Amino acid sequence: LVGSEMCIRDSPAGHGDALWHGEFIGDLAVPKRVAVAGGARVADLDGFLLPLGFEAQSRADATRLDGRAAALLEAFASGVNAALHAMHGVYPPEYLLFGRVREWTPADCLLNGRTCAFVVALTGFENERTFDAVRGAMGDALARRLYPEAPWEQTPTSYPVGAGDNAPEPPLHGVAAGSNNWAVAPARSASGAALVANDPHVPFVPLPTFWHHLHLDGGGQRVQGGMFPGFPAFGFGHNGALAWGCTTGFRDAFDVYRIHRLPDDPTRYRTEHGSGALTRHRETRPARRGRRLTHEWESCAHGILYKGWTHHDGVELAVRAVPSDLASCFRGYLDLAAAGTVEEFRAGLARCHDGPFDFNLVYGHRDGTIAWELFGRTPRRRGDGLFVRDAQDPAGQWDGWVPFEAMPKQRNPARGFVATANSMTDAAQCAVAFTATHCEPRYRTARIERVLAAGAAHDVASVQALQADVTGDYAPALRDALLAAIGTIAGNDVAACAVAVLRAWDGTFPCASAGALLFARLQQELPHRLFVPLLGPKLGPRFANGRRAMPRLHQLLLDAADPLRADCERASGRALDAEVRATFFAVVARCAAAQGPDPATWRWGAVQRVRLMTLFGVLPLVGRRFVALDAEFPGDEYTVNPSRGIPVRGRIYAFVGATSRFICDLATPDEALFAHSAGPSGDFRSPFFRTGAEAWQRFEYFRSALWPAEQVPNVVERVQVG
């Protein structure tokens, strides 16, 4: 915990506030050539985060913890501080970059929880900002064709669109790329008991893994599973009565409002019931080398007015984020861990609902109950939150919060299983929390549902196979559409052979597949070739790198009557089939240059890899010492075993994926199977740095149970404290 967490946020001993990014790493900038957030500076990041007030909120929440919760966080903080003191000033090497050290506090635990949830929530916010940027620059006619799934019947009519390309975006971008969980009812389980599985997807870098594997016995807790970093609560796990797992719900946690100041009083703005006050804020923070950075912003009842954030027509914007109660949320997580009945568990979920996390929680009980529940504080909106609205628009207001009982859920469904994978689990219920524009397509969800529905006696082995599944059910139809566009090839033996390889491909993404390589490269490149000419050099890359570009490309390829085809063809100057064919030749040429002239020998794994490392793993020469694993990695973004990667020098390095896997058959509720992509230590010198990495890469698991300490088998190291 110390090596991985204290480096996130350090300040001098006794100092009440954190050192901000500009203080410990300087005002660096993202290179302008980077498609997403290119040119953004560290000062921009600090300026975006500071007005959100996470630290002050966390300190206030810490004062409202009840006695038991406060005592547990005090004990956790004491343990972190004891480890810090034991280092005698010789800290992990990351501290060379990230500044000074001070003692940990309970408020830091709550801050870490709030930060984890915030980064995930940014994905939906980015989707909203890109959606609004398209409307502002291109107008609603084209936006409707790019986003046919949006709730266009709720479009605001108080302002025009298509007037300009001024489209502010946050300097911090979410990295969420999904997770899977499911629970199988006793009627579909070989053991006759409920079966729960979860493989949450988070960044692979830096080590140690995001989820810390722990067995906690004491303080009213007897639980085992994956704990959040620095926030001592179990996102997934089992306690002898229940097992549960989480996936991101992508509930709409942000709204953006147009702010109209009163002409005769610029300190006030128009609201539904008249006017409201605008408050100015100014804060100066230290930066490296003795410099100081000043951040200025305004706030109002409708959110934060970031300096320079205006709409396409110059109207100022306010960003409103859903507030959260970490005191209630932490108490709720303690209740989950201690619950013995479904009713006690659901009472804990109702408290978690007040917090910053929005999770699809799937759980099973040893009595055979299975359920899915979406929780996370959500505004009760009068109109859909996808659109930017005027602050005085009645349809843009919040009327309190959606009660926990009104959130989407399923309990003991007739089909015998529940499953979620970051998409619309139940379209009939999800509108209360988000729209399809906020979340992922149903590819992984549909694959999991299909496999679960096809089996009548699921067991641990079948669940392991599903977590390792790299079948893209969505891919064969797209493969055929691509082949039809590519057509017959003559006079180019390599390209002709590549067409044959693609035609024979079965839609799976193992490392050895040449067809997977060709398909993946095509679908990665086509959004840029099609949408950048359509939307321009500024907005095009933003859309092409966003979460809606790939499903929109798929729809475009599969539907010959899609009206967006004409738009893309007009922008690029050639037919869609010709663009696909040209892209295919370019992909083939690059693959041949990298892997030789015989497409039959090409490998997807030669391009897609996973590299598990600390931050120092990127250093030349010495970086290898900080790498726990560098290996081929199967799957693609939409397979059950997923990989959302980053292109680096001709390869794609998996950045987000299933760093942990969990399976619990409640026929033996005291035990479960786990896999973690690395050990619990971020210190490359520790024997626990690389623990589990190779076994995880081979999709192997270890058994871990709620053993008394003296009965833990195969102990490598035992340290008794207190």
Side-chain angles (χ1 to χ4, degrees), residues 1-5 7-8 76 80 109 112-120 175-181 196-216 221 223-239 243-249 329-330 333 336-337 352 355-363 420-422 467 610 612-614 628-629 641-644 654-664 672-682 686 688-693 695-697 699-704 706:
L1 283 177
V2 174
S4 65
E5 293 311 316
C7 62
I8 291 177
F76 182 88
V80 174
C109 300
N112 265 32
R114 185 169 266 116
T115 302
C116 291
F118 170 73
V119 172
V120 172
V175 295
S179 300
N180 308 309
N181 62 7
V196 175
N198 186 202
D199 54 309
H201 308 160
V202 294
F204 286 115
V205 177
L207 292 183
T209 58
F210 178 91
W211 297 104
H212 294 270
H213 181 81
L214 291 178
H215 172 196
L216 178 60
Q221 311 291 303
V223 60
Q224 185 178 81
M227 194 193 80
F228 295 97
F231 179 64
F234 289 82
F236 63 90
H238 65 109
N239 67 3
W244 63 94
C246 63
T247 72
T248 298
C329 180
F330 181 59
Y333 269 110
L336 298 188
C352 292
F357 299 99
D358 61 292
F359 282 149
N360 292 300
L361 215 292
V362 159
Y363 59 93
T420 80
N422 313 116
Q467 287 187 337
V610 61
L612 306 176
M613 62 185 183
T614 73
L629 179 73
N641 177 69
S643 169
R644 183 167 177 82
F655 184 64
V656 174
T659 63
S660 299
R661 305 184 185 106
F662 165 62
I663 303 170
C664 184
L673 293 179
F674 296 89
H676 295 287
S677 54
S681 175
S686 168
F688 305 110
F689 176 61
R690 295 175 176 83
T691 307
W696 167 87
Q697 194 237 351
F699 292 90
E700 297 174 358
Y701 297 71
F702 61 88
R703 183 174 72 96
S704 191
L706 299 171

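Computed from a predicted structure; not experimentally measured.
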Intermediate values then yes/no, side-chain contact (heavy atoms from CB on, under 4.5 Å), Arg114 and Phe231
CA-CA 9 Å; Arg114 185 169 266 116; Phe231 179 64; over 6 Å; no

Tell me the closest heavy-atom pair linking Asn112 and Pro229, and the distance in Å.
ND2-O, 3.2 Å

Phe357 versus Gly113, closest heavy-atom pair with distance:
CZ-O, 3.4 Å

Of all heavy-atom pairs linking Trp244 and Gly235, the shortest is CD1-O, 3.5 Å

Asn422 (side chain) donor-acceptor with Ser179 (main chain) under 3.5 angstrom:
yes

Do Phe689 and Thr614 come within less than 4.5 Å of each other through their side chains, counting heavy atoms only?
yes

Should Phe662 and Ser660 count as side-chain neighbours, where that means a heavy-atom distance under 4.5 Å?
no

dist Arg661:CZ -> Phe699:CZ (nearest 0.5 Å) comes out at 4.5 Å

Return the SG to CZ distance between Cys109 and Phe330, rounded to the nearest 0.5 Å.
7.5 Å

Are the side chains of Cys116 and Phe210 in contact, using a 4.5 Å heavy-atom criterion?
yes

Side-chain heavy-atom pair Gln221, Phe234 within 4.5 angstrom cut-off
no

Can any side-chain N or O of Asn181 pair as donor or acceptor with the backbone N or O of Leu361 at less than 3.5 Å?
no

Any side-chain heavy atom of Ser704 within less than 4.5 Å of one from His215?
no

Phe204 versus Ala654, closest heavy-atom pair with distance:
CD1-O, 3.4 Å

Distance check, rounded to the nearest 0.5 Å: Phe655 atom CZ versus Arg644 atom CZ?
10.5 Å

Heavy atoms only: give me the nearest Gly355-Cys329 pair and the separation to one decimal.
CA-CB, 3.6 Å

On a heavy-atom basis, which atom in Met227 and which in Pro232 lie closest, and how many Å separate them?
SD-CA, 3.3 Å

In this structure, CG of Asn239 is separated from CD of Gln224 (nearest 0.5 Å) by 11.0 Å

Step by step, would you call Thr420 with Thr247 a side chain to side chain donor-acceptor pair (under 3.5 Å)?
CA-CA 7 Å; Thr420 80; Thr247 72; 2.8 Å; yes

Fit a plane to each ring of His213 and Phe674, take the angle between them on a 0 to 90° scale, and name the class: parallel (under 30°), tilted (30 to 60°) or perpendicular (over 60°).
perpendicular

Do the rings of Trp211 and Phe236 sit parallel, tilted or perpendicular, given the 30° and 60° boundaries?
perpendicular

Side chain to side chain, Ile663 and Gln467, heavy atoms closer than 4.5 Å
yes

Calculate, to the nearest 0.5 Å, the distance between atoms CG and SG belonging to Asn360 and Cys246 respectively.
9.5 Å

Contact between Arg690 and Leu612 at the side-chain level, heavy atoms closer than 4.5 Å - yes or no?
no

